[in-house]
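Read the structure below first, then the notes.
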Amino acid sequence: MDKIVIVDDDPDIRRIAELRLRIAGFHVLTAEDGEAGLQLIRAEKPRVVLLDLMMPKMHGFAVCQAIRSDATLQGVFIIVTSAKTYSADIKKVKELGADLYINKPYDLEALVGAIQKALASSGRPAIAVKFWGTRGSIPTPGRATLRYGGNTSCVEVRCGETVILLDCGTGAREAGLALAGEFKGKTLHAHIFVSHTHWDHIQGFPFFVPAYIPGNHMTLYSVRGTDKSLAKIFTGQMDSSYFPVDLTDMMAHLDFVELEGPIELGGAKVTHFYLNHPGLALGFRIESEGKSVVYVTDHEPYCRLSGDNEHNRKLDREVDDFARGADLYIREAQYTEEEYPTKKSWGHSTWKDAVDSAHAAQAKRLVLFHHDPMHDDDFLDQVVASCRSYMREKGMTFECEAGAAYQHISV
Ligand SMILES: [Zn+2]
Ligand SMILES: [Zn+2]
């Protein structure tokens, strides 16, 4: 739900605008003077501010200026509403960075329409993805992996204000530092979806700083392991034989959720799907505002592992169906065709499997993921080149690249 802050000293205007905007599906907050308004805006970071000009304590000009000079409030859409129709005033608010000027008294329907139009074109992505760890199996730091990164699986996915992490391999350490900085003094609720509990997907959690901050809330989602609960596996990872700090030393509220069906988080929906990997592994599909991101890592196609027959083809098609129409398909591609025969039954795909699956799923963009520790930056460049020439040969037209640490993708 998008947040709107109304800053206006007229209680009637605040009340009717709040009511109408709530009906339109917005989360509305109000303030009765400029100073309180600015405080509220800084605390809540709304997408839209409806700002009066002539208010006690702080004039709308000053509030507008303060918003635009605050780096943490980038992208806030400011609508100035005023009964003053002097062109000098309109010019001034535009210079101060307001996006829209609406004369009072305003028509509520026109106001709602203007806000919806502004949000649709304001450029905030439906889903924002950031890669913190793209490596498979084991961290691979070093000069040869600087571009694609050496940290293991961790992908941050933002759907509006919902913070999701896919896996918490060693990339989660830096993700945690960034989140702790961003949410300093505020509560963070992070939703961490764990594909499975092999080291390269959980090893960053003991170093995930937000989990040590009282007041924060971490919810970890996966399915029950074959013989242990999710909570027990995370507790075991921090047993004193392996780590100096206990899971109970984490001061945030920790919840372990064993998935049974789709999870709704704000406006986003997360569904899971079983993959073919030793033990248990899950793929995730995140949908928000009509866009979708699919995450399939640690998966070996059934036909490759167990033979090309109708039953296995059907199972492979089900994976493609799970990724159907994805705007972004993050898909493991650990091996080359040449490497695969000696790695068969280790639970992984080749880049050709990833490309074929993206094509079958009619995905719009493929990001190769879970890079093999033996594949340095130059090697991965060659893998991408091979993918692209194979795609040209087959007439495939979606985008294809190798996931790189710190890369942002707007979906
Ligand atoms: Zn893995
Ligand atoms: Zn694995």
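Note that ligands are numbered from 1 as they come in the structure, with each ligand's atoms numbered from 1 the same way.
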Checklist entry - What pairs with Asp378 under salt bridge (Lys or Arg N to Asp or Glu O under 4.0 Å), at least two apart in sequence or on another chain? => result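 Arg147.
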
Next on the checklist: Before we go on, tell me: are the rings of Phe131 and Tyr406 under 6.0 Å apart, centre to centre?
Outcome noted: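 No - the distance between ring centres of Phe131 and Tyr406 does not fall below the 6.0 Å cut-off.
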
Item to check | Inter-residue atom distance Ile6.CD1 - Ile4.CD1, 0.5 Å rounding | outcome: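 Reported value, rounded in 0.5 Å steps: 7.0 Å.
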
Item to check | Qualifying ring-ring contact (aromatic ring centres under 6.0 Å, His included) pairs, either residue in residues 31-52, two or more places apart | outcome: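 Matches after skipping sequence neighbours: none remain.
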
Checklist entry - Looking at His299, His348, His196, His277, which one forms a ring pair (Phe, Tyr, Trp, His ring centres under 6.0 Å) with His370? => result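 Result: among His299, His348, His196, His277, His348 is the only option passing the ring pair (Phe, Tyr, Trp, His ring centres under 6.0 Å) with His370.
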
Item to check | Listed once per pair and sorted, the salt bridge (Lys or Arg N to Asp or Glu O under 4.0 Å) pairs that draw on residues 170-183, sequence neighbours left out | outcome: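 Only Arg158-Glu182 qualify under salt bridge (Lys or Arg N to Asp or Glu O under 4.0 Å).
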
Item to check | Heteroatoms of the protein, restricted to N/O/S, which lie under 2.8 Å from the Zn ion (ligand 2) | outcome: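 Hits for the Zn ion (ligand 2) below 2.8 Å: His196 NE2, His198 ND1, His277 NE2, Asp298 OD2.
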
Next on the checklist: Quick check: of its N, O or S atoms, which one does His370 have closest to the Zn ion (ligand 1)?
Outcome noted: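 This residue's closest N, O or S atom turns out to be NE2.
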
